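What you see is a predicted model; the values in this text were computed from it and never measured. We count ligands from 1, going down the list as the structure has it; atoms in each ligand are counted the same way.
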Amino acid sequence: MTGAATAGIRAPRFAERLARARAAAGAAGLDALLIGVGPELRYLAGYAALPLERLTLLVVPAAPGSPLTLIAPRLEATPARSCPAAATGAVTVATWEETEDPMALVASVLATATGRAADSLSAVAVSDGMRAAFVLSLQGALPVARFSLASAVLRGLRMRKDSDEVALLREAAHAADRVVEAIAHGPLVGRTEADVAREVRDRLVAEGHEHAEFWIVASGPNSASPHHDAGDRVIAAGEPVVIDIGGQMGGYGSDITRTIWVDGGDPALGPDADFARLYEVLRDAQAAATAAVRPGVAAEAIDAVARDAITAAGFGPNFIHRTGHGIGLEGHEDPYIVAGNAEPLETAMAFSVEPGIYLEGRFGARIEDTVVCGPDGPDVLNELTRELLVVRG
Ligand code: ZN
Ligand code: ZN
């Protein structure tokens, strides 16, 4: 299959999200949310704006009924007005000219929305990835306001995916499944990791991703390095290859890892006993952690299920990273599946479950799925087998 995502975020979603964001901002005692270019802007307005040095800013005042304004440089007026939140009238676009000071526009938009002078506002929150230069300018324009991070009020909204978001995540997961499946058909023997990584990128795009974001191909001893950068090493028969790939589809991330074994068609070069045991432990730990997903279970408890199983088999010191991360508009976002995060899982949270075992200098393995917390248990978006795939060529 080729082509773009068939699922998508329906336009009325954005007005709903803006209303919830505004209510959450009010409950947090903020005068306004100030959202720059990035995933928060895409979440609230459907606007994947260019990350320019020129200010683009969505002003979300907390006061119910007050106007929502998307401030954009004049030359970006067309894409700004075309984003779903603007096209449906949920937000109004205000543009600033090349020679104008955009902070004066921000101040006047805030004054109109709040009925108070900008230099008397007491608390605003800015999007987490906003450029420091913009934050400092905003602090100059709002001299008495206390600044905080918008993620404090938006994370609760963004963690719980709506059905449109889950549909996109599922479509992205299935596309990534097909890419790993195609790679696992081989041939792999005699090719460099970098060459296979190139094929991964091409296939992710051919399967409908806007772009590939990462393409870990880690062969032989490199498989013991979780974030190995695919290089010039030539893949040989008789070794494992960790393939951890993903990209964005309709703005939402795919992220799958499968570990395969390359025997080159020679059964004598099949998985050695040590690797086979390691893989079995890992597969069972990943399955147990996934099965434990349900509403009310602490995020850290999912990590503990995987870690306890791996530790019981003697590989505890070889599982050197957290079990997972949230996934959505960002490849890594809340909730993190890690010791210390006691936050209970809730229905429609989406995250990876990806334990790994790494024996430095020898080999390693990781298995990763994207999982949505369903009302009664896990909804595993990836459908590719988790049994060890053996590649003949
Ligand atoms: Zn991954
Ligand atoms: Zn991941």
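Below the 2.8 Å limit, the Zn ion (ligand 2) has as protein N, O or S neighbours Asp255 OD2, His325 NE2, Glu354 OE2, Glu368 OE2.
Side-chain contact between Glu343 and Arg155 is present, with heavy atoms from C-beta onward closer than 4.5 Å. Within the 4.5 Å cutoff, no side-chain heavy atoms of Glu333 are placed close to those of His325.
Between the side chains of Ser219 and Glu193, a donor-acceptor pair is found at a separation under 3.5 Å. For the residue pair Ser163 / Arg13, a side-chain donor-acceptor distance below 3.5 Å is found, with atom types taken as modelled.
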Between Phe351 and Cys373, does a side-chain contact (heavy atoms from CB on, under 4.5 Å) hold up when you go through it step by step? CA-CA 8 Å; Phe351 46 86; Cys373 180; 4.3 Å; yes
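Hydrophobic clustering, with ILVMFWY side chains joined whenever heavy atoms are under 4.5 angstrom apart, keeps Tyr336 apart from Val353.
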